There are 2 protein chains.
Amino acid sequence: MGELTEDIGFLLARVSGEVVRATNAALAPEGLRVRHYSVLLLACDSPDGISQRAVARILGLDPSQVVALVDELAQAGLVQRQPAPTDRRAKLVTATGAGCRVRERAAARAAEAEQGALRSLSGDEREVLRALLSRVAESASDAAYAFE
Amino acid sequence: MGELTEDIGFLLARVSGEVVRATNAALAPEGLRVRHYSVLLLACDSPDGISQRAVARILGLDPSQVVALVDELAQAGLVQRQPAPTDRRAKLVTATGAGCRVRERAAARAAEAEQGALRSLSGDEREVLRALLSRVAESASDAAYAFE
DNA sequence: TATTGTTATACTCTATAACTATA
DNA sequence: TATAGTTATAGAGTATAACAATA
């Protein structure tokens, strides 16, 4: 095989796509895709609710993308929008009881899909991969902030 | 930060998106995006030409996606379609002289963008990352073949 | 003036199905 | 009958700009 298939950028796109595909398939029975699942996770882990702005920042999305995600989760009864007591512009997204239950099942499915996709790596190797990606991601957000 | 931002799948999507974005921006002056660049690379590295089917298989794309990519590269005068001498169904994609020259410049730009995105990793660490991703990608294609 | 959420729009990417011409 | 290329279409993801309500 040529040099292209050993390029880190190429491999990242390939592996990322594969993991997203596998995770989407695993979450389908819960009526979720990875993006929705990510938002649900943040809502469940924020007992006091989380603003859509914060969701967008953490997930690296544009705030306008979050609107549709929360709309669909709310329509499915998994989250609710509540006005923020301290800032009437902001709406806090909170998970419902049903949302938390779905989240538990979805987390198990997502973890299984991810482990399947990464089955060729040992536990230690996965941890190395995670640490390296984490550092790259962190420096990327630094750069983004630097240009603001 | 919560557990989500330390999930390997999340980090893969985040970092991959960042690298693709940076590479697309770096390739823009050459009128290319990463997909077109990948096809051009394969054409340049295949002196006798490469079938669109092979391009699709190597890049992990559907053959129908390759059509538009080759169309645009051909319209820009960077590649040509030639009938395969041994199989009249197949068309071999070959790079033109202009295509090879653009490829050289594009390769330098793409490498620079990638190094920028991965600047927080040492050379050794990048090699570790590359090797781990390569193994994951390889096992993924094994699984794909297993289901065919 | 700046920020939060929202709407609208356009473009890219992904996924399928069906068709043609060859093998 | 199977394969290479092609066309068409729909859905998902990404990127921007603009707007109303509020700070």
Side-chain angles (χ1 to χ4, degrees), chain A residues 10 12-14 16-25 27-28 31-39 49-74 79-93 144 147-148, chain B residues 9-10 12-14 16-25 27-28 31-39 49-75 79-93 144 147-148:
Chain A
F10 175 80
L12 275 168
R14 193 83 184 264
S16 170
E18 190 55 43
V19 172
V20 168
R21 217 173 347 262
T23 308
N24 274 337
L27 291 176
L32 298 173
R33 285 191 301 280
V34 282
R35 278 292 157 70
H36 301 81
Y37 169 63
S38 298
V39 174
I50 182 172
S51 75
Q52 298 188 185
R53 210 76 187 184
V55 170
R57 184 180 51 77
I58 295 172
L59 297 184
L61 302 176
D62 189 89
S64 64
Q65 299 179 256
V66 179
V67 176
L69 293 173
V70 173
D71 279 351
E72 291 176 40
L73 286 172
V79 303
Q80 286 181 329
R81 281 187 177 93
Q82 293 184 326
T86 60
D87 183 340
R88 284 194 297 171
R89 292 173 304 180
K91 296 175 183 172
L92 299 182
V93 181
F147 283 113
E148 277 173 5
Chain B
F10 175 81
L12 275 168
R14 192 82 184 263
S16 170
E18 190 56 41
V19 172
V20 168
R21 216 174 344 264
T23 309
N24 274 337
L27 292 176
L32 298 174
R33 285 191 301 279
V34 282
R35 279 292 159 69
H36 301 82
Y37 169 63
S38 298
V39 174
I50 181 171
S51 75
Q52 298 188 186
R53 209 77 186 182
V55 170
R57 185 181 50 79
I58 295 172
L59 297 184
L61 302 176
D62 189 89
S64 65
Q65 297 178 257
V66 179
V67 176
L69 293 172
V70 173
D71 279 351
E72 291 176 39
L73 286 172
Q75 196 170 351
V79 303
Q80 286 179 329
R81 280 187 177 93
Q82 294 184 325
T86 60
D87 184 341
R88 284 194 298 171
R89 290 173 305 180
K91 296 175 183 173
L92 300 181
V93 181
F147 284 112
E148 277 173 4

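Values below: every heavy atom of this structure, side chains too, minus hydrogens, waters and symmetry copies. All of these numbers come straight from a predicted model, not from anything done at the bench. Proteins come first, then strands; the chains are lettered A, B, ... in the order of their sequence lines, and each starts at number 1.
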Rounded distance (Å) that lies between atom [atom2] of [N] and atom [atom1] of [X]:
{"X": "B/Arg53", "N": "D/dA2", "atom1": "CZ", "atom2": "P", "value": "14 Å"}
{"X": "B/Gln65", "N": "D/dG13", "atom1": "CD", "atom2": "P", "value": "15 Å"}
{"X": "B/Glu18", "N": "D/dT14", "atom1": "CD", "atom2": "P", "value": "12 Å"}
{"X": "B/Arg14", "N": "D/dT14", "atom1": "CZ", "atom2": "C1'", "value": "14 Å"}
{"X": "A/His36", "N": "D/dG13", "atom1": "NE2", "atom2": "C1'", "value": "12 Å"}
{"X": "B/Leu92", "N": "D/dA4", "atom1": "CG", "atom2": "C1'", "value": "11 Å"}

Look at [X] and [N] and indicate whether a side-chain polar atom (N or O) is within less than 4.0 Å of OP1 or OP2.
{"X": "A/Arg33", "N": "D/dA12", "answer": "yes"}
{"X": "B/Gln52", "N": "D/dT6", "answer": "yes"}
{"X": "A/Arg21", "N": "D/dG13", "answer": "no"}

Shortest side-chain distance from B/Arg89, nucleotide among D/dT6, D/dA17, D/dA4: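 Of the candidates, D/dA4 comes closest.
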- request: Provide the start and end nucleotides, 5' to 3', of the part of DNA chain C that has atoms under 4.0 Å from heavy atoms of chain B.
  value: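 On DNA chain C, the outermost contacted nucleotides are C/dT12 to C/dA23.
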- request: Scan A/Arg88 against the nucleic acid and name what it touches under 4.0 Å (heavy atoms): base, sugar-phosphate only, or nothing.
  value: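 Sugar-phosphate, no base atom in range.
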- prompt: Starting at the 5' end of DNA chain C, which residue's closest nucleotide do you reach first, A/Ala90 or B/Asp87?
  reply: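 The residue closer to the strand's 5' end, by nearest nucleotide, is A/Ala90.
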query: Which comes earlier along DNA chain C counting from the 5' end, the contact point of A/Val70 or that of B/Thr86, where each point is its nearest nucleotide?
result: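 Its nearest nucleotide being more 5', the pick is A/Val70.
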Pairs of donor and acceptor atoms involving the side chains of residues 59-72 of chain B, under 3.5 Å and at least two apart or interchain, shall be tabulated with distances.
residue	atom	partner	partner atom	Å
B/Asp62	OD2	B/Ser64	N	3.0
B/Asp62	OD2	B/Ser64	OG	2.7
B/Gln65	OE1	B/Asp62	N	3.0
B/Asp71	OD1	B/Arg81	NH1	2.9
B/Asp71	OD1	B/Arg81	NH2	2.9
B/Glu72	OE1	B/His36	NE2	3.0

4.5 Å side-chain heavy-atom contact, A/Ser38 and A/Val55: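 No; the side chains remain at least 4.5 Å from each other.
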Atom [atom1] in [X], atom [atom2] in [Y]: separation rounded to 0.5 Å?
{"X": "B/Ser16", "Y": "B/Arg21", "atom1": "OG", "atom2": "CZ", "value": "9.0 Å"}
{"X": "A/Arg57", "Y": "A/Ile50", "atom1": "CZ", "atom2": "CD1", "value": "7.5 Å"}
{"X": "A/Phe10", "Y": "B/Ile58", "atom1": "CZ", "atom2": "CD1", "value": "8.5 Å"}
{"X": "A/Arg35", "Y": "A/Thr23", "atom1": "CZ", "atom2": "OG1", "value": "12.5 Å"}

- prompt: How far apart are the C-alpha atoms of B/Leu32 and B/Leu73, what are their side-chain angles, what is the distance that settles it, and do they pass the side chain to side chain contact (heavy atoms under 4.5 Å, CB included) test?
  reply: CA-CA 9 Å; B/Leu32 298 174; B/Leu73 286 172; 3.8 Å; yes
